[in-house]
Amino acid sequence: MEELCMHEHFDLIIVGAGPAGLTAAIYARRAGRSVLVLERSSIGGQIASAPKVENYPGFSAISGAELAERLYTQAEDLGARIELETVTSIVPGPAHTITTDYGTYTAAAVILATGTVHRALGLPGEDTLSGISYCAVCDGAFYQGRDVAVCGGGSSALQESLFLSDLCRHVTLIHRRQEFRGDPILLEALQTRSNVTILPDTRITALESRNSTLTGLLLEHAASGTQSHLDVDGLFVAVGQQPDTTLSQALGIAGEDGYIPAGEDCRTPIGGIFTAGDCRTKDVRQLTTACADGASAALAACQWCTRQSREV
């Protein structure tokens, strides 16, 4: 006779411990639901790497790390269980089965809050050379007093450049377009820094190296086609994000662009599975909209759990 395998069961399992996932955990616990949050890398998601957050209501300025810690502490104090485990599969059913690299769980409802991952430049050597980073807060200290470049035109690139200008001897900001998409106030602050050079209409065409370490960049001006060389000790890439599609594609709910199509109620086509945060199809991806998604998804998931319990 086969031995039955008993899996630990929760009302709600949330995949991802960024702002959306942690907000969902807070709302679900306040509704009295048992909650497990599974995160594969670091609590707080990408916001934890932000040197300074100045557009979150209630805080004129707060570091991303502190904000992430506050979200985590609030969710944990309310009784949410938070584990560092990588979800390898989700099997939908009357009770959804979630398998991780440590074990298996079941849940009445699941929220995918898997966020996005850094977009790469796609240049040869980018994933193997030492001296290339996607996080100034994480790696900026290694380049104190040295020359670095930042590639990108959004708010993240501007913030990274400002942060690095306080540490590095010189920062060169490279953007392929003439106009920057980031907050104008950040660009204005950057333009006042004496150790910052801004190169618009410029793209990086090659990475130069010696002994598997980045030594410089080959640049090309978009309008003239003129090429130039820039000596740098480090390159920080901030050219946007792309959705993490590992689980959504396996479930068959990812759109053509990789994001999960879902309305403001955060419902996916699979009953009992919801999505929240930057991985959801929407026009605006900000910290505040991620938290809003987390609240909406949690309340919808709690309603689902209530209906399912009545049908049993």
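The figures that follow rest on heavy atoms only: side chains count, while hydrogens, waters and symmetry mates do not.
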- How many angstroms lie between NE2 in His229 and CG in Leu219, if you round to the nearest 0.5 Å? 9.0 Å
- Using only the SG atoms, decide whether Cys302 and Cys305 are less than 2.5 Å apart. no
- Message: Looking at Arg176, I want to see if its CZ is surrounded by more than 12 non-hydrogen atoms of other residues, nucleotides or ligands under 6.0 Å.
- Response: no
- Query: Would you call Leu173 and Leu158 a side-chain contact if the rule is heavy atoms closer than 4.5 Å?
  - Reply: yes
- Message: Whether the side chain of His96 engages the backbone of Ala109 through a donor-acceptor N/O pair (distance < 3.5 Å, no angle test) should be reported.
- Response: no
- Query: If every non-hydrogen atom of Ile47 is compared with every non-hydrogen atom of Val53, which pair is closest and at what distance?
  - Reply: CD1-CG2, 3.7 Å
- Message: If the threshold is 4.0 Å, N to carboxylate O, is there a salt bridge linking Arg29 and Glu76?
- Response: no
- Item | Atom CD1 of Ile185 with >12 non-hydrogen neighbours under 6.0 angstrom | no
- Query: For Tyr56 and Cys291, which heavy atoms make the closest approach, and how far apart are they?
  - Reply: OH-SG, 3.8 Å
- Message: Under the criterion side-chain contact (heavy atoms from CB on, under 4.5 Å), I'd like the reasoning laid out for Lys282 against Asp293: C-alpha separation, chi angles, the key distance, then a yes or no.
- Response: CA-CA 11 Å; Lys282 53 183 176 178; Asp293 274 6; 2.9 Å; yes
- For the residue pair Asn211 and Thr213, confirm or rule out a side-chain donor-acceptor distance under 3.5 Å. no
- Side chains of Arg40 and Thr88: do they bring a donor and an acceptor to under 3.5 Å? no
- Message: Heavy-atom count check: over 12 atoms from other residues, nucleotides or ligands less than 6.0 Å from Glu179 CD?
- Response: no
- With sequence neighbours excluded, residues passing side chain to side chain contact (heavy atoms under 4.5 Å, CB included) with Thr245: Pro243, Ser248, Gln249
- Task: Identify the two heavy atoms, one from Leu230 and one from Ala149, that lie closest to each other, and give their separation to 0.1 Å.
- Result: CD2-CB, 4.4 Å
- Task: Starting at CD1 of Ile174, measure out to OG1 of Thr172 and round the result to the nearest 0.5 Å.
- Result: 6.5 Å
- side-chain contact (heavy atoms from CB on, under 4.5 Å), paired with Val87, selected from Leu112, Val15, Thr99: Val15
- Query: Between the side chains of Gln159 and Ser155, is a donor N or O closer than 3.5 angstrom to an acceptor N or O?
  - Reply: no
- Message: In the structure I gave you, are the side-chain heavy atoms of Thr288 and Pro57 within less than 4.5 Å of one another anywhere?
- Response: yes
- Task: Measure the spacing between NE2 of His9 and OG of Ser34 and express it to the nearest 0.5 Å.
- Result: 6.5 Å
- Report, as yes or no, whether the 6.0 Å neighbourhood of atom CZ on Arg30 holds more than 12 heavy atoms from other residues, nucleotides or ligands. no
- Message: Can you confirm whether Val232 sits close enough to Leu217 that some side-chain heavy atom of one is under 4.5 Å from a side-chain heavy atom of the other?
- Response: yes
- Message: Let's go through Glu39 and Leu84 carefully: what are the C-alpha distance in whole Å and the side-chain angles of both, what is the deciding distance for side-chain contact (heavy atoms from CB on, under 4.5 Å) to 0.1 Å, and is it a yes or a no?
- Response: CA-CA 5 Å; Glu39 169 59 50; Leu84 288 174; 3.9 Å; yes
- Item | Flag, side chain of Asp201 to backbone of Gln178, donor-acceptor distance under 3.5 Å | yes
- Query: So, do Ile204 and Leu235 sit near enough that their side-chain heavy atoms are less than 4.5 Å apart?
  - Reply: yes
- In this structure, CG of Asp244 is separated from CG of Asp278 (nearest 0.5 Å) by 12.0 Å
- Hey, are Asp233 and Arg169 close enough for a salt bridge, meaning a charged N less than 4.0 Å from a carboxylate O? no
- Side chains of Phe236 and Asp139: closer than 4.5 Å at any heavy-atom pair? yes
- Item | Side chain to side chain, Cys266 and Arg280, heavy atoms closer than 4.5 Å | yes
- Task: Kindly give the heavy-atom pair with the smallest separation between Leu71 and Ile26, and that separation in Å.
- Result: O-CD1, 4.1 Å
- Message: Between Lys52 and Leu162, does the side-chain contact (heavy atoms from CB on, under 4.5 Å) criterion hold? Intermediate values first, please.
- Response: CA-CA 10 Å; Lys52 185 184 293 185; Leu162 283 169; over 6 Å; no
- Note on the structure: OG of Ser133 to CD of Glu160, rounded to nearest 0.5 Å, is 7.0 Å
- Message: Give me each pair satisfying salt bridge (charged side-chain N to carboxylate O under 4.0 Å, His left out) with a member in residues 209-222, each pair once, sequence neighbours excluded.
- Response: Arg203-Glu220
- Message: Whether Arg70 engages the ring of Phe59 as a cation-pi pair (distance to the six-membered ring centre under 6.0 angstrom, angle to the ring normal within 45°) should be assessed.
- Response: no
- Message: Restricting to non-hydrogen atoms, name the atom on Gly131 and the atom on Tyr143 that form the minimum distance, rounded to 0.1 Å.
- Response: CA-OH, 3.2 Å
- Message: Could you go through Leu186 and Phe180, starting from their C-alpha distance and side-chain angles, then the distance that decides it, and tell me whether this counts as side-chain contact (heavy atoms from CB on, under 4.5 Å)?
- Response: CA-CA 10 Å; Leu186 296 175; Phe180 286 85; over 6 Å; no
- Query: Can Tyr105 and Glu85 be counted as having a side-chain donor-acceptor contact under 3.5 angstrom?
  - Reply: yes
- Task: Working to the nearest 0.5 Å, report the span between CG of Leu121 and SG of Cys151.
- Result: 5.0 Å
- Query: Does a sphere of radius 6.0 Å around CZ in Arg267 hold more than 12 heavy atoms from other residues, nucleotides or ligands, not counting ones at 6.0 Å or beyond?
  - Reply: yes
- For atom OH of Tyr27, is the number of surrounding heavy atoms from other residues, nucleotides or ligands below 6.0 Å larger than 12? no
- Item | Close side-chain approach of Leu251 and Thr268, heavy atoms under 4.5 Å | no
- Where do Tyr134 and Ala120 come nearest, in terms of heavy atoms and distance? OH-CB, 3.9 Å
